[in-house]
Protein chains: 2
Amino acid sequence: MATERKVTSTNYRNQSFLEEKCSLNELLDLVSKRWICEVLFCIEEGINRFKSVKEELSYISDTILADRFRLLEKYDLVSKEHFDEIPFRVEYTLTEKGQELCTLLEQICNFSDSLPACKIESKKKTTSG
Amino acid sequence: MATERKVTSTNYRNQSFLEEKCSLNELLDLVSKRWICEVLFCIEEGINRFKSVKEELSYISDTILADRFRLLEKYDLVSKEHFDEIPFRVEYTLTEKGQELCTLLEQICNFSDSLPACKIESKKKTTSG
DNA sequence: GTAGTAACTAATTAAATTTTTAGTAATGGC
DNA sequence: GCCATTACTAAAAATTTAATTAGTTACTAC
């Protein structure tokens, strides 16, 4: 995740242009990052530790998971708590804004289920439950 | 846009995993593509031809704009009409689903405006109107 | 002191997306 | 015929994002 963006590129200029035009573009850039919504939903369901989220989301890597927690915290969607027990543990919980976003995303989820083009994948789900 | 996805990569597997888990992930993958929301909003406002959208969205390229129209059509969010006049013209209009999505995106837009982390950019807007 | 766990980070590599450049078909004007 | 226009497409280069590999710190168990 270390690689910095090239602020002199047209690629960067265009993204900035869109974010300045409408903050929606900034939020979409965030929530469309791979795994991030599922991490958010895990936390909503109480799966709120590094390890448990990692187990829940089969293929996610440590690097990405750490990055997603960091982003969600940065945008004040989740808050992090470090418990100084022995052994210590870290827990993530949704903030009010995070909960609000979950609700909005669930609405979009319902909408996407109603889209014929997204149904191709949904059909597969019925076989496994 | 020609380059095909590598279906044997873990990158591909992970995206598929997410899309099968929830169709939200497929829709987010679509709406987070650069320019696509703005193209959708242009059409909503009646800026509905290739050239007029291109003029409205300063930096967008032909390649991307054509791709975005194609994607929006594929997902039945917009419909394309070719008028056999002389000179011919092509117009895009929102479908019912497209209008529904716009409404949802506008809700998210309001939410993102209320997020402190997205406010940094919003402040800039006040200087220019 | 060696192995193991939780929660991470840094550097590298692989893959995807976006931008750039150049070109197409159909039509009209000169 | 040559240039201009609209609505595109194809191929390549640039940039960004995600995945992989290898490590860290602080602690417990043996």
Side-chain angles (χ1 to χ4, degrees), chain A residues 1-19 25 28-36 38-39 47-55 57-73 80-92, chain B residues 1-18 25 28-36 38-39 47-55 57-73 78 80-92:
Chain A
M1 319 313 291
T3 39
E4 296 282 308
R5 299 192 70 182
K6 244 191 118 172
V7 296
T8 53
S9 66
T10 53
N11 200 317
Y12 181 86
R13 179 206 60 196
N14 289 353
Q15 183 60 28
S16 303
F17 170 81
L18 289 169
E19 290 180 7
N25 289 306
L28 281 179
D29 199 49
L30 176 73
V31 300
S32 67
K33 284 186 192 300
R34 192 168 291 168
W35 305 104
I36 209 164
E38 297 302 329
V39 172
I47 303 170
N48 57 3
R49 295 181 59 179
F50 196 95
K51 204 190 175 232
S52 55
V53 173
K54 195 167 146 58
E55 278 165 4
L57 303 176
S58 319
Y59 304 119
I60 198 170
S61 69
D62 285 18
T63 315
I64 293 288
L65 183 52
D67 180 70
R68 295 320 185 237
F69 276 134
R70 185 150 29 81
L71 279 171
L72 288 169
E73 224 198 322
K80 182 180 178 173
E81 212 172 342
H82 186 102
F83 294 91
D84 279 325
E85 300 166 359
I86 289 168
F88 77 93
R89 76 198 145 90
V90 173
E91 276 185 22
Y92 295 91
Chain B
M1 319 312 292
T3 38
E4 297 281 307
R5 299 193 70 181
K6 242 190 121 173
V7 296
T8 53
S9 65
T10 54
N11 200 316
Y12 181 86
R13 179 206 60 197
N14 289 354
Q15 183 61 28
S16 304
F17 171 81
L18 289 169
N25 289 305
L28 281 179
D29 198 48
L30 176 73
V31 299
S32 67
K33 283 184 193 299
R34 191 168 293 167
W35 305 105
I36 209 164
E38 297 302 330
V39 172
I47 303 169
N48 58 1
R49 296 181 60 180
F50 195 95
K51 201 185 177 243
S52 55
V53 173
K54 196 167 145 59
E55 278 165 5
L57 303 176
S58 318
Y59 304 119
I60 198 170
S61 69
D62 286 17
T63 315
I64 292 288
L65 182 53
D67 180 71
R68 297 318 187 235
F69 276 136
R70 186 153 27 83
L71 280 171
L72 288 170
E73 224 198 322
V78 313
K80 182 180 178 173
E81 213 172 341
H82 184 103
F83 294 90
D84 279 324
E85 301 166 356
I86 290 169
F88 79 91
R89 76 199 145 90
V90 174
E91 275 185 23
Y92 295 91

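Convention: sequence-line order gives letters A, B, ...; per-chain numbering from 1.
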Practice task
Evaluate the side chain to side chain contact (heavy atoms under 4.5 Å, CB included) criterion for residues Y92(B) and V39(B): first the C-alpha distance (whole Å), next the side-chain angles of each, then the deciding distance (0.1 Å), finally the verdict.
Solution key: CA-CA 10 Å; Y92(B) 295 91; V39(B) 172; over 6 Å; no
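- Rounding to the nearest 0.5 angstrom, the gap separating the CH2 atom in W35(B) from the CD1 atom in I64(B) is 9.5 Å.
- Listed nucleotides: dA19(D), dA15(C), dT16(D). Nearest to the side chain of R5(A): dT16(D).
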Restricting both atoms to N or O, compile the protein contacts to nucleotides 2-8 of chain D shorter than 3.5 Å, with distance only.
| from | atom 1 | to | atom 2 | distance (Å) |
| --- | --- | --- | --- | --- |
| dT6(D) | OP1 | K51(B) | NZ | 3.3 |
| dT6(D) | O3' | R49(B) | NH2 | 3.4 |
| dA7(D) | OP1 | R49(B) | NE | 2.9 |
| dA7(D) | OP1 | R49(B) | NH2 | 2.9 |
| dA7(D) | OP2 | K51(B) | N | 3.0 |
| dC8(D) | OP1 | K80(B) | NZ | 2.8 |
| dC8(D) | OP2 | Y92(B) | OH | 2.6 |
| dC8(D) | N4 | D62(B) | OD2 | 2.4 |

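- Using a 4.0 Å heavy-atom distance criterion, S61(B) is classed as a base contact.
- For the pair R70(B) CZ and dT18(C) P, the interatomic distance rounds to 13 Å; values are reported in whole Å.
- Rounded to the nearest 0.5 Å, atoms CD (E38(A)) and CD1 (I60(A)) are 9.5 Å apart.
- Heavy-atom nearest nucleotides on DNA chain D were determined for V7(A) and for N14(B), and the one closer to the 5' end corresponds to V7(A).
- Computed from coordinates, the D29(A) CG to dA18(D) P distance equals 9 Å when rounded to whole Å.
- Rounded to a whole Å, the CD1 atom of I64(B) is 14 Å from the C1' atom of dA12(D).
- Between the NZ atom of K6(A) and the P atom of dT17(D) there is a distance of 14 Å, rounded to whole Å.
- The separation between K33(A) atom NZ and dA19(D) atom C1' is 15 Å, rounded to whole Å.
- Regarding contacts with the backbone of dA16(C), every side-chain N or O of R34(A) stays at 4.0 angstrom or more from both OP1 and OP2.
- Q15(A) contributes atom CD, which lies 6.5 Å from atom CG of N25(A) (distance to the nearest 0.5 angstrom).
- In this structure, I60(A) atom CD1 and dA7(C) atom C1' are separated by 14 Å, rounded to whole Å.
- Computed from coordinates, the D67(B) CG to dT20(C) P distance equals 16 Å when rounded to whole Å.
- Not one side-chain nitrogen or oxygen of T10(B) sits closer than 4.0 Å to the OP1 or OP2 atom of dA18(D).
- At dA19(D), one or more side-chain N or O atoms of W35(A) fall inside 4.0 Å of OP1 or OP2 (strictly under the cut-off).
- dA7(C) atom P lies 10 Å from atom CG of L65(A), rounded to whole Å.
- Between R68(B) and the phosphate of dT18(C), there is a side-chain N or O to OP1/OP2 separation shorter than 4.0 Å.
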Exercise for the section: Might you work through the side chain to side chain contact (heavy atoms under 4.5 Å, CB included) test for E55(A) and I47(A), ending with a clear yes or no? Expected result: CA-CA 10 Å; E55(A) 278 165 4; I47(A) 303 170; over 6 Å; no
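- E91(B) pairs by the side chain to side chain contact (heavy atoms under 4.5 Å, CB included) definition with N48(B), R49(B), F83(B), R89(B), not counting sequence neighbours.
- No option in K54(B), K51(B), R68(B) other than K54(B) meets the salt bridge (Lys or Arg N to Asp or Glu O under 4.0 Å) test with D62(B).
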